[in-house]
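Because only heavy atoms are used, hydrogens play no part in the values below, and waters and symmetry mates are left out as well, while side chains stay in. By convention in this document, chain letters (A, B, ...) are assigned in the order of the sequence lines, proteins followed by strands, and residues within each chain are numbered from 1.
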Amino acid sequence: MPTKFYLTTPIYYVNGKPSIGHAYTTFVADTIARYQRMLGKEVEFLTGTDENSQKNVEAAAAAGREDDIQGYLDEMAALWQRTFDSLGITNTRFIRTTEADHHKAVEAFWKRVEAKGDIYKGTYEGLYCGKCEAFYTENDLEGGLCPFHKTKPDHIKEDNYFFALTKYRDALLEHIEKNPEFVQPKERRNEIVSYIKNFMTDVSVSRQTMKWGIPVPGDETHRLYVWFDALINYITGVGFATDEKKFDRFWPADLQLVGKDILKFHCALWPAMLMSAGLPLPKVVLAHGFFTVDGQKMSKSLGNVVDPVELSEQYSPDIIRYYAIRDIRLGDDGDFSHDRLRARYETDLANELGNLVHRVLTMTEKYTDAKVPEKAQGEILGAWQEYQQAMTDYRLTDALDIIWAVIRRTNQFIEQQQPWALAKLEEKKMLHDTLYVLLETLRHIAWMLWPFMPDTAEKMFTKLGLEVPKEFSQSVESAWVWGELKPGSGVEKGEPLFPRKE
RNA sequence: CGCGGGGUAGAGCAGCCUGGCAGCUCGUUUGGCUCAUAACCAAAAGGUCGUCGGUUCAAAUCCGACCCCCGCAACCA
């Protein structure tokens with residue numbers, strides 16, 4: 001089994017604060033990162049901010065900071081970092097594309113691609129709105145005018161550097177053909193193949209009109225097209241051009257998580273760039289879907305953008321993670337519904353899981369003086385196999401379904417055994433066996449839950465009398481076998497995990 | 001012909017690739033239990049699987065046409 005795992009999220013524009021969409025992508029990545037750590041792998045988990053985009057310049061200007069763009073970016077990047085920290089994200093690096101090592105990586109990368117003969121000078125022609133500092137196609141315009149400024153765009157011609165993307169058309173198609181897992185979910189493969197076959201053209205990778213961004217190596221009158229620079233962050237993050245040893249260990253990425261809107265860049269442009277530079281391709285690019293919010297498109301103009309920090313104050317990061325991952329299959333579009341969030345909280349978390357933990361610990365307090373009884377035979381292995389398979393396939397929703405099947409079976413088991421009746425009948429052996437099975441099952445549930453709901457899992461460990469740090473430093477194989485809970489150790493019921501809300 | 005996703009019980013979804021008794025969760029109704037956060041367990045009711053046509057012994061599943069909804073293409077992952 002490989003001993004390392006490298007995964008990335010997209011890097012985010014900092015022209016606003018993080019929304020639930022950004023949080024979702026990052027939660028998914030964090031869940032996978034934690035699972036891989038649970039397997040004992042060395043995990044590199046990269047997220048960060050895309051700071052060389054024109055959008056950021058516009059945002060800075062809108063905030064009255066056009067003379068202090070870098071200062072604006074510093075503040076916004078700090079806000080994003082703080083937000084992810086407060087949501088419990090365990091990224092190993094927060095990359096900013098204005099950082100020095102990234103510039104170094106971009107330069108080294110550019111030189112490789114240039115040496116390969118894949119950069120050429122051409123003419124970029126288009127309709128340009130000087131106020132937007134952006135190019136538009138005829139379709140973008142409204143009555144021939146810029147949709148934002150209602151002015152006539154200039155028809156301009158500009159000498160630019162181009163990347164010979166189409167040179168890699170056949171190689172890309174072949175790679176996707178031979179590696180069916182490369183583009184996920186599989187429904188998206190056709191989309192990508194169709195794009196590569198029918199629409200992909202060489203791309204302009206520099207702009208003379210831009211004032212912000214990384215200068216083109218060797219020609220400072222041009223700035224790099226933001227995507228060309230942005231994609232390189234994924235290799236900067238593991239030491240390309242700065243720490244070759246680390247780079248060799250971690251690249252290629254095992255998983256690159258993206259939104260469905262940027263799948264093209266990650267499954268066509270990016271792999272072609274890597275081929276040109278003579279570097280291996282990421283193993284999997286997985287696109288998640290988009291949310292509507294309570295049935296409506298999420299948009300700033302509608303003002304219904306959900307703030308993950310506010311929502312976490314109302315619930316908790318664990319609960320938001322649980323809801324989003326349980327309710328929406330990774331890859332599908334879905335509706336982020338406040339009603340359903342509440343329903344998931346009440347039913348799955350308060351009634352089923354929370355109440356299960358509470359009733360088992362209450363019985364342990366009542367019947368065995370809060371001590372773990374003698375070991376008894378039990379079985380959970382089938383669930384572990386299904387769970388591991390689901391996690392390996394990135395079927396996170398399925399993994400949660402598997403955990404909840406265990407939770408339901410456990411509630412059923414209590415009903416069958418009727419520990420309260422056994423207590424009255426003084427059937428000590430059966431009672432103790434039952435309680436041991438229940439407590440040990442809770443330990444397994446906590447383990448399976450940990451990647452998804454780390455705080456909850458850790459609370460469960462504490463309640464079961466286990467020390468959290470110790471529990472996570474032991475090897476996963478020994479933690480997952482039956483019977484690790486030590487007879488005689490104390491449990492502590494404490495407060496319910498998920499109190500019912502009024 | 002811009003690209004893509006979807007229409008399955010009151011709600012939200014799985015099943016479709018590799019045809020073969022229509023499944024899950026919530027909600028509703030009834031019953032059980034008392035360890036538990038009025039939680040838990042059991043049972044029941046509830047669907048002509050968007051429409052029309054085709055292939056087949058057999059279609060939610062394959063093929064064709066059509067209707068409707070949604071996302072991207074513009075702030076937004």
Side-chain angles (χ1 to χ4, degrees), chain A residues 9-13 15-16 18-26 28 55 58-59 62 132 134 136-137 139-142 146-148 185-188 190-192 194-195 198-199 257-264 287-293 295-306 326-329 331-335 337 339-340 343-344 346-367 397-398 401 404-405 407-408 410-424 431 434-435 438 493 495-501:
Chain A
T9 71
I11 48 175
Y12 306 108
Y13 292 134
N15 56 350
S19 78
I20 192 68
H22 303 102
Y24 173 68
T25 314
T26 315
V28 166
K55 288 187 189 188
E58 288 157 25
C132 297
Y136 291 107
T137 65
N139 288 337
D140 295 329
L141 302 178
E142 287 171 4
C146 164
F148 300 104
K186 59 181 187 301
E187 301 90 79
R188 298 250 167 245
N190 288 340
E191 195 179 332
I192 290 302
S194 152
Y195 165 72
N198 305 320
F199 298 100
L257 211 59
V258 301
K260 67 175 183 178
D261 57 332
I262 54 173
L263 190 66
K264 270 197 304 200
H288 64 74
F290 285 165
F291 291 150
T292 49
V293 173
Q296 275 196 312
K297 183 175 165 171
M298 184 165 82
S299 78
K300 283 184 182 171
S301 44
L302 282 174
N304 66 343
V305 176
V306 177
R326 181 79 195 268
D327 226 41
I328 298 161
R329 303 177 81 78
D332 287 1
D333 288 339
D335 185 40
S337 149
D339 286 348
R340 289 190 57 73
R344 286 287 185 194
E346 296 286 346
T347 308
D348 298 0
L349 298 179
N351 295 351
E352 292 188 320
L353 173 60
N355 182 55
L356 172 64
V357 171
H358 202 248
R359 70 196 295 212
V360 168
L361 292 175
T362 302
M363 287 190 278
T364 310
E365 285 193 346
K366 280 195 180 169
Y367 304 142
T397 301
D398 289 348
D401 284 343
W404 253 260
I407 291 169
R408 294 211 175 93
T410 308
N411 272 321
Q412 288 164 5
F413 178 71
I414 294 175
E415 229 55 42
Q416 285 161 20
Q417 298 300 109
Q418 302 184 24
W420 51 92
L422 297 174
K424 277 185 194 143
L431 176 62
T434 299
L435 284 177
L438 290 172
K493 180 170 76 170
E495 292 302 305
L497 288 169
F498 304 103
R500 286 184 69 85
K501 301 200 181 226

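- Nucleotides B:U61 and B:C41 are separated by 35 Å at their P atoms, to the nearest Å.
- We find that CD of A:Glu495 is positioned 19 Å from P of B:A39, with the value rounded to whole Å.
- Side-chain proximity of A:Asn355 to B:U37, B:C75, B:C41: nearest is B:U37.
- In this structure, A:Asp335 atom CG and B:C69 atom P are separated by 18 Å, rounded to whole Å.
- At least one side-chain nitrogen or oxygen of A:Gln412 sits closer than 4.0 Å to the OP1 or OP2 atom of B:A42.
- With B:C76, B:C33, B:C26 as the choices, the nucleotide that has an atom nearest any side-chain atom of A:Glu415 turns out to be B:C33.
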Between the protein and nucleotides 1-9 of chain B, which nitrogen or oxygen pairs come in under 3.5 angstrom?
unit_1 : atom_1 : unit_2   : atom_2 : d
B:G4   : O2'    : A:Arg188 : NH1    : 3.3

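- Counting to the nearest Å, the P atom of B:G12 and the CZ atom of A:Phe291 are 17 Å from each other.
- The shortest distance between side-chain heavy atoms of A:Thr364 and A:Lys493 does not fall below 4.5 Å.
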Test side chain to side chain contact (heavy atoms under 4.5 Å, CB included) applied to A:Glu346 and A:Lys501, step by step: CA-CA 8 Å; A:Glu346 296 286 346; A:Lys501 301 200 181 226; 4.1 Å; yes

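- Rounded to the nearest Å, the gap between the P atom of B:A65 and that of B:C26 is 41 Å.
- When each of B:G71, B:C33, B:C40 is scored by its nearest atom to the side-chain atoms of A:Phe290, the top-ranked nucleotide is B:G71.
- Within the 4.0 angstrom heavy-atom criterion, only backbone atoms of the sugar-phosphate kind lie near A:Asp332; the bases stay farther away.
- Using a 4.0 Å heavy-atom distance criterion, A:Tyr367 is classed as a sugar-phosphate-only contact.
- Remark: the separation of the C1' atoms in B:U8 and B:C49 is 4 Å, to the nearest Å.
- Nearest to the side chain of A:Arg359, among B:C35, B:C26, B:A14, sits B:C35.
- The same atom, C1', is picked in B:G47 and in B:A60; the two are 11 Å apart, to the nearest Å.
- A distance-only check finds a donor-acceptor pair linking the side chain of A:Asp333 to the backbone of A:Phe290 [under 3.5 Å].
- With values rounded to the nearest 0.5 angstrom, A:His358 atom NE2 is found 8.0 Å from A:Leu361 atom CG.
- At the heavy-atom level, A:Tyr24 lies nowhere under 4.0 Å from the strands shown.
- At B:C26, none of the side-chain N or O atoms of A:Arg340 fall inside 4.0 Å of OP1 or OP2 (strictly under the cut-off).
- Residue A:Glu352 contributes atom CD, which lies 15 Å from atom P of B:C24 at whole-angstrom precision.
- In this structure, of B:C35, B:U37, B:C75, it is B:U37 that holds the atom nearest to the side chain of A:Leu497.
- The heavy-atom pair separating A:Ala287 from A:Pro185 by the smallest distance is O-CD, 3.2 Å.
- The side chain of A:Thr292 sits closest to B:G71 out of B:C76, B:G71, B:C33.
- Heavy atoms from other residues, nucleotides or ligands lying under 6.0 Å from NZ of A:Lys260 number more than 12.
- At the heavy-atom level, A:Ala350 lies under 4.0 Å from base atoms of the strands shown.
- Phosphate proximity of B:C72 to A:Lys264: absent, as no side-chain N or O sits under 4.0 Å from OP1 or OP2.
- Considering only the side chain of A:Asn411, B:C40 comes nearest among B:A14, B:U25, B:C40.
- Between the C1' atoms of B:U28 and B:C62, the separation comes to 37 Å (whole Å).
- In this structure, the nucleotide among B:U25, B:U37, B:C35 sitting nearest to the side chain of A:Arg344 is B:U25.
- If you take NE2 on A:His288 and OG1 on A:Thr25, they are separated by 3.0 Å, rounding to the nearest 0.5 Å.
- Between B:G6 and B:A44, the distance separating the two C1' atoms is 32 Å to the nearest Å.
- For B:A39, its base never sits under 3.5 Å from the side chain of A:Asn351 at any donor and acceptor pair.
- Of the C1' atoms belonging to B:A74 and B:A58, the separation is 50 Å, rounded to the nearest Å.
- Annotation: the span from A:Leu422 atom CG to A:Tyr367 atom OH amounts to 9.0 Å, rounded to 0.5 Å.
- Using a 4.0 Å heavy-atom criterion, one finds that A:Arg326 contacts no nucleic acid atom at all.
- In this structure, A:Leu438 and A:Met363 approach most closely via the heavy-atom pair CD1-CE, 4.5 Å.
- Following rounding to the nearest Å, A:Leu361 (CG) and B:A36 (P) show an atom-to-atom distance of 12 Å.
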